[in-house]
Amino acid sequence: MNAVTGASGTGLPDVALPEGADPAELLAIAEKVAREAGALVRGRPVRVEVAATKSSPTDVVTEMDRASEALIRGRLADERPDDGLHGEEEGLLAGTSGITWVIDPIDGTVNYLYGIPAYSISVAAVVGDTRRAGAWRPVAGVVHNPVLDRTWAAAAGSGARLDGEALIVPDGPADLSAALVATGFGYRAARRASQARVLAGLLPRIRDIRRVGCASLDLCLLASGHVDAYYERGLQPWDVAAGFLVATEAGVAVRGIDGLPPGEHMVVAARPPLADVLAGELEAAGAGCDEPD
Ligand code: IPD
């Protein structure tokens, strides 16, 4: 195993990097491919149609989600044929190298549908088992906003960058009352009902809420100091893999609640110790449960 194995202190698990894998090389590939997909996605037609729905009638897929994922998968398969591919639209194709690419071809699909310029292409190289929360960690990741042409990038142990400039999360409020908190909502009614209840309890006690509509950008905006904290229940690896690395490499702590690792149950991200304060509030509010269907 390679010496670059540790993810201690970030909230991400210590999963070893396969022999010979170089995060900097993986990052260069991620950035090239994300930008290429960005050029495709930037060609958004004036009117976008819904191609299909997934977990609920408002959980949509467009033809561009599919085209972007096909492009990314094809390019990665050309560059690194032994790696696994795990994308939002086409699922998991196992590899043999120990590296799996986790892909959100358009994160923020509803923003894309409506023409709100808060969507991204998220590409991360990950080690471990992406099917289980707490069993994988990103080692290279890129979040590219093709409309604003902004690119957040990180390689494990080498820091995070925004358009080439090093990112270190700025100091911010130590307690929640002054914190600008980003969050997001799932697509199913039972989950939304619980998320609304938790938000109603939190909102009077924080500076304000932001609902950007793109989890990868939420994590990057946190790394850049545009919000102070972020939490969301229901996130999948493709929503967060690249953003986790950008955030943690910038000095953000990422954690879960109720003794579980960050993942679908809950993701809480903020500078320490604010992350622990917010996690405690969310646990007390029962944010890790949905309302009955
Ligand atoms: C969604 C966005 C949204 C978040 C949802 C995600 P998608 O991803 O990241 O901000 O609240 O939980 O599913 O569906 O646009 O790729």
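Atoms within each ligand, like the ligands themselves, are counted from 1 in listed order.
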Can you tell whether the side chains of E79 and R75 come within less than 4.0 Å, N to carboxylate O?
no

Considering only NZ, NE, NH1 and NH2 on the basic side and carboxylate oxygens on the acidic side, decide whether K54 and E89 come within less than 4.0 Å.
yes

Pair [X]-[Y], side-chain donor/acceptor within less than 3.5 Å:
{"X": "T58", "Y": "S56", "result": "yes"}
{"X": "S216", "Y": "D107", "result": "yes"}
{"X": "T130", "Y": "T100", "result": "no"}

For atom 12 (O) of ligand 1, what is the nearest protein heavy atom, given as residue, atom name and distance?
E232 OE2, 2.6 Å

closest protein heavy atom to atom 14 (O) of ligand 1 is Y187 OH, 2.9 Å

So is G234 in contact with ligand 1, going by heavy-atom distances below 4.0 Å?
no

Evaluate the side chain to side chain donor-acceptor pair (under 3.5 Å) criterion for residues S97 and D83: first the C-alpha distance (whole Å), next the side-chain angles of each, then the deciding distance (0.1 Å), finally the verdict.
CA-CA 5 Å; S97 67; D83 293 354; 2.5 Å; yes

Show, in sequence, the C-alpha distance, side-chain angles and deciding distance for R35 and D149, and conclude whether the salt bridge (Lys or Arg N to Asp or Glu O under 4.0 Å) test is met.
CA-CA 9 Å; R35 284 182 178 282; D149 194 18; 3.6 Å; yes

Distance under 4.0 Å to a non-hydrogen atom of [X]: what atoms of ligand 1 satisfy this?
{"X": "I106", "value": "16 (O)"}
{"X": "D107", "value": "1 (C), 2 (C), 7 (P), 8 (O), 9 (O), 15 (O), 16 (O)"}
{"X": "D104", "value": "16 (O)"}
{"X": "G184", "value": "11 (O)"}
{"X": "E88", "value": "14 (O), 16 (O)"}
{"X": "A215", "value": "2 (C), 9 (O), 10 (O)"}

Return the minimal non-hydrogen interatomic distance between R137 and V15, and the atom names on each side.
NE-O, 2.7 Å

Can you see which heavy atom on L12 is nearest to which on P138, and at what distance?
CD1-CD, 3.9 Å

[X] to ligand 1: N or O pair under 3.5 Å?
{"X": "D59", "answer": "no"}
{"X": "G213", "answer": "yes"}
{"X": "D218", "answer": "no"}
{"X": "S216", "answer": "no"}
{"X": "G108", "answer": "yes"}

Taking non-hydrogen atoms only, is [X] closer than 4.0 angstrom to ligand 1 via side chain, backbone, both or neither?
{"X": "R211", "result": "side chain"}
{"X": "L235", "result": "side chain"}
{"X": "D239", "result": "side chain"}

Parallel, tilted or perpendicular: rings of Y119 and Y112 (30°, 60°):
perpendicular

From L278 atom CG to Y230 atom OH, the distance as rounded to the nearest 0.5 Å:
11.5 Å

